[in-house]
Protein chains: 4
Amino acid sequence: MPTGLAYNHWSLTSGYMLVGGINLTSKKEQRSEETKHSIIAAAEKLFSKQGYETVTIRQIAKEAGCSHTTIYIYFQDKEALLYALSTQPLELLKTSMDMLSVDAFLSSDEKLRRLNEQFIRFCLDNRSMYSIFFEAKSARVDEFEPELAINRIRQHMHHIISRLLGTYLNVPDGDGLLSCSRIYFYMLRGIVGTYTQSEESADSIMARLSPTFHAAFEALLLGFDKQLQDRNE
Amino acid sequence: MPTGLAYNHWSLTSGYMLVGGINLTSKKEQRSEETKHSIIAAAEKLFSKQGYETVTIRQIAKEAGCSHTTIYIYFQDKEALLYALSTQPLELLKTSMDMLSVDAFLSSDEKLRRLNEQFIRFCLDNRSMYSIFFEAKSARVDEFEPELAINRIRQHMHHIISRLLGTYLNVPDGDGLLSCSRIYFYMLRGIVGTYTQSEESADSIMARLSPTFHAAFEALLLGFDKQLQDRNE
Amino acid sequence: MPTGLAYNHWSLTSGYMLVGGINLTSKKEQRSEETKHSIIAAAEKLFSKQGYETVTIRQIAKEAGCSHTTIYIYFQDKEALLYALSTQPLELLKTSMDMLSVDAFLSSDEKLRRLNEQFIRFCLDNRSMYSIFFEAKSARVDEFEPELAINRIRQHMHHIISRLLGTYLNVPDGDGLLSCSRIYFYMLRGIVGTYTQSEESADSIMARLSPTFHAAFEALLLGFDKQLQDRNE
Amino acid sequence: MPTGLAYNHWSLTSGYMLVGGINLTSKKEQRSEETKHSIIAAAEKLFSKQGYETVTIRQIAKEAGCSHTTIYIYFQDKEALLYALSTQPLELLKTSMDMLSVDAFLSSDEKLRRLNEQFIRFCLDNRSMYSIFFEAKSARVDEFEPELAINRIRQHMHHIISRLLGTYLNVPDGDGLLSCSRIYFYMLRGIVGTYTQSEESADSIMARLSPTFHAAFEALLLGFDKQLQDRNE
DNA sequence: CATGAATGAGTATTCATTCAT
DNA sequence: GATGAATGAATACTCATTCAT
């Protein structure tokens, strides 16, 4: 079951360059795009592996096969690069989650199941996302506009999960539901955090462990159910 | 409420130096120990607050009230200090978990409950532990001796949890149990990861959220139970 | 009020391109000239405002409305631009001073008065000139041709002033006159140096302080006179 | 006629280290002082020659014969070095001028004469002072405390000169006097600016030109006198 | 044992300049 | 002629670490 997320954001952005099969971009522009792409790819890779702080601009440049100064042609500074990296994937994730959450043909537990998978895959595909999403690295995160992308989606996701859980468990908003969605988030974070740092490919991880992930959330849902029953008796 | 862990390991370690009331250490040695102690205490405090990377040797020295060069008398480098710092707490944690796991008067679910709490508190009290324990920071981790301490205890903990879960769920070793203990670990990691980076004090977090943490593991155990029942029917 | 200097040298230089009403320059050449002009204008503006060092090539390009690489088509490097900028104004200043000095209808003190004003205005209008004129910025000044323009005019100006002072004071060439013209130069430099770095506009400065400037030189001349009288008594 | 200023501020500061002929400083401290001194000397030399902005920390380090990082042991940053350089000499100058201005045995024109010479020598001995004193290089100058040293003394000097001129010319405070003291300052600045950038030694300059400097101010004073007489007639 | 002095390698960032088109 | 892409050298500043005492 594909998650349907276009994780490689370039496949999308490059789209406008092709009009009726005719490539309107000059060679220059194309090379420029390639360079930018390679910088993004390099940064993505390194941020994921080592974390934002410890990666140096020069490392990124080396990995991208360009001079470190070139990076500054495309991105104002290191932080801008981080946010350029994260904004689009996050928006895509959000869109995808929104679409999922309003799907009329799916039950709420099916929705949760897919949401889990989507989110896990997303984090494994964009491993630098983990620190951005969960660890809110830099000061800017709490001060400027880019933060919004992250915070907005984080809260949005909490909201969606909370709503789906409420529907599934058939409980109204309140402390009980808040607690459940918090726990649900712990699990997501625990899973993603565990594998985000491994060298294993996303595909391999999913192939090997998606039943475990599935079981994890199933257990949680069953557990929540049981807790509610016990409380009501 | 038995966290039972003596986090200040010096209170313990200094003990052996007194044998039958006779102080075997010279004054010099004592002062030396004090210096080492103050360095460790300072590093512990700062690493916990700011994280390993951002703390500087000079900061530690200042906090410890000695020259930065003195630190190199006792520890080969900054990383060695980190590991010196972590080894003992980890051993204490291990000991404590071991004692817990063999306690004849506790049920396995009570043991799990206490283990959760112990571990969470431990990580919140030693926040630099999180990255050491879960993220295996530096290359050294995979190369030198200190790694052992961490890996040993990590595996050991898996083992204990696995055993306790097996007893509690009444299932033999095997894939099912492995999956359950993995999931259990995800939850631990998710919780610890979430709060390890916050500014809130361990006490405050525990006061505010320990019921949630408790509910999380309870839900899991209930869920595991249900999954087993369903599978057997 | 005859400052009489055409600071915009392009109004003059473009003149020669029209011979007998026939435009000998092609459209291309014309556009090229325009670009060059806009670069010079931009550089002039920015150097005057911010000083040579802090202005960047890209700033100039932006101000000139062209690419930064274009600048290198017209000028070998940033310094060459500075000298290209300064040579012509300096020549104009020289010409203007020459014309003034040979004017048959003006008394020598009137000539000095106008010369002061011309020179002060010139420096305030071309503030980057100050450092070029008085401080002989770069090594190149002592190595290449452009220096000549500056040194030549500097000496020329000394010469003119010396001559005018000699006439005015009615003394022959010699140490006394040299000393007087040096002192005269100190005053010029002191005035120009004081205001060349201020943000105030040339017009505003002149409006506010030209009586002071006038008084300064008047005092000097009166003082020189008195000194000579005293010496002769 | 010695100006009485201890331009080498080290001769003063080192004073306290000798108590009754016994050198209380350890070798370490001594070497430290030497290093600091060499850094100051190097910075002084280079700032004077090239100006603050264009001198690099590494240049200073090279000139001082130490690593560039050593500079940061003694001075917080480049700017701190500039101010460390300037504060003491400025204070000494101020003290010296104050003492001069209250001297009961000197006439006001004699005071002015000595003040000129003192100030000129001071600027020639501390050539980086010129830009600090007259050009107020960095932003900090207008924002933070160090500025005070410079502004305070600048204004103080204006004040002293104004007062002495008022006494000498026998005119009350007012526009006339303001104009005169401004002009007086132009001359000071012109002289100092002219020779501050030359390679010639202060001694040589003074030997060669102090009569000219003297003549310059004498001419000004005579001129001011004459202007006042003319105005009163 | 302890320390102040000193340093080399490294950080993000900027800028004048060149190259390929 | 004109330009966007790319770069090497340089900038101030930091930090873990070593050396001499």
Side-chain angles (χ1 to χ4, degrees), chain A residues 26-36 53-61 65-79 81, chain B residues 26-29 31-36 53-61 66-79 81, chain C residues 26 28-29 31-36 53-61 66-81, chain D residues 26-36 53-61 65-79 81:
Chain A
S26 71
K27 268 188 187 165
K28 246 186 196 170
E29 274 169 347
Q30 207 175 322
R31 214 182 54 175
S32 172
E33 282 296 322
E34 273 165 25
T35 304
K36 190 174 182 179
E53 304 284 4
T54 64
V55 173
T56 74
I57 286 281
R58 280 175 148 90
Q59 257 183 300
I60 298 171
C66 67
S67 161
H68 60 281
T69 53
T70 303
I71 292 174
Y72 290 95
I73 296 170
Y74 296 100
F75 305 94
Q76 212 181 34
D77 56 26
K78 200 181 161 191
E79 219 166 10
L81 180 51
Chain B
S26 73
K27 266 184 187 167
K28 248 189 186 173
E29 276 167 348
R31 223 186 52 184
S32 170
E33 281 298 318
E34 274 165 23
T35 305
K36 189 173 182 181
E53 304 284 4
T54 63
V55 174
T56 74
I57 285 280
R58 282 177 145 89
Q59 259 183 297
I60 297 169
C66 68
S67 162
H68 57 282
T69 51
T70 304
I71 293 175
Y72 290 93
I73 296 167
Y74 296 100
F75 305 95
Q76 209 184 30
D77 56 27
K78 201 183 165 191
E79 215 166 12
L81 179 51
Chain C
S26 73
K28 248 189 183 171
E29 278 169 346
R31 223 186 53 185
S32 170
E33 281 298 320
E34 274 166 23
T35 305
K36 191 174 180 180
E53 305 282 5
T54 65
V55 174
T56 74
I57 285 280
R58 281 175 146 89
Q59 258 183 297
I60 297 170
C66 69
S67 161
H68 57 285
T69 52
T70 304
I71 292 174
Y72 289 93
I73 295 166
Y74 296 100
F75 305 95
Q76 208 185 30
D77 57 25
K78 201 184 164 190
E79 215 166 13
L81 179 51
Chain D
S26 72
K27 268 187 187 165
K28 249 185 195 171
E29 275 168 347
Q30 206 175 323
R31 212 181 57 177
S32 171
E33 284 295 323
E34 273 166 25
T35 305
K36 192 174 181 181
E53 304 284 3
T54 64
V55 173
T56 74
I57 286 282
R58 280 175 149 89
Q59 256 183 301
I60 297 170
C66 68
S67 160
H68 61 280
T69 52
T70 303
I71 291 173
Y72 290 96
I73 297 170
Y74 295 99
F75 305 95
Q76 212 180 34
D77 55 26
K78 200 183 163 190
E79 219 166 8
L81 179 51

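To find a chain, count down the sequence lines: A is the first, B the second, and so on, and within it residues start at 1.
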Partner of dT21(E) under the Watson-Crick or G-U wobble criteria, both distances under 3.5 Å, comes out as dA2(F)

Rounding to a whole Å, what distance do you find between E79(D):CD and dT11(F):C1'? 15 Å

Does the Q59(B) side chain pair with the main chain of T56(B), one donor and one acceptor, at a distance under 3.5 Å? yes

Pull out every protein N or O sitting under 3.5 Å from an N or O of nucleotides 3-6 of chain E, one pair per line with the distance.
residue : atom : partner : partner atom : Å
dT3(E)  : OP2  : S67(B)  : N            : 3.3
dT3(E)  : OP2  : T70(B)  : OG1          : 2.4
dT3(E)  : O2   : K28(D)  : NZ           : 2.9
dA5(E)  : OP1  : S32(D)  : OG           : 2.9
dA5(E)  : N6   : H68(B)  : NE2          : 3.2
dA6(E)  : OP1  : T35(D)  : OG1          : 2.5
dA6(E)  : OP2  : Y74(D)  : OH           : 2.6
dA6(E)  : N6   : R58(B)  : NH2          : 3.3

R58(B) CZ to S67(B) OG distance, which is reported to the nearest 0.5 Å: 8.0 Å

What is the distance, rounded to the nearest whole Å, between atom NZ of K78(C) and atom C1' of dT18(E)? 17 Å

Check the distance between dT21(F)'s P and Q30(D)'s CD and give it to me in whole angstrom. 13 Å

Between dA12(F), dA16(F), dA16(E), which one does the side chain of T56(D) approach most closely? dA12(F)

Just the rounded figure in Å: distance from P of dA9(F) to CD1 of I57(A). 19 Å

In whole Å, I'd like the distance from the CZ atom of F75(D) to the P atom of dT14(F). 15 Å

Can you find a pair of side-chain heavy atoms, one from Y74(C) and one from L81(C), that are under 4.5 Å apart? no

How close do V55(D) and K78(D) get, counting heavy atoms only, and between which atoms? O-NZ, 2.7 Å

Within the 4.5 Å heavy-atom criterion, are T35(D) and S32(D) side-chain neighbours or not? no

Rounded to the nearest Å, what distance is computed from the CG atom of residue L81(A) to the P atom of nucleotide dT13(E)? 10 Å

Atom CG of D77(C) to atom P of dT18(E): distance rounded to whole Å? 8 Å

R31(D) backbone acceptor or donor facing K36(D) side chain under 3.5 Å: no

Report the distance from atom CD of E53(D) to atom P of dA12(F), rounded to the nearest whole Å. 10 Å

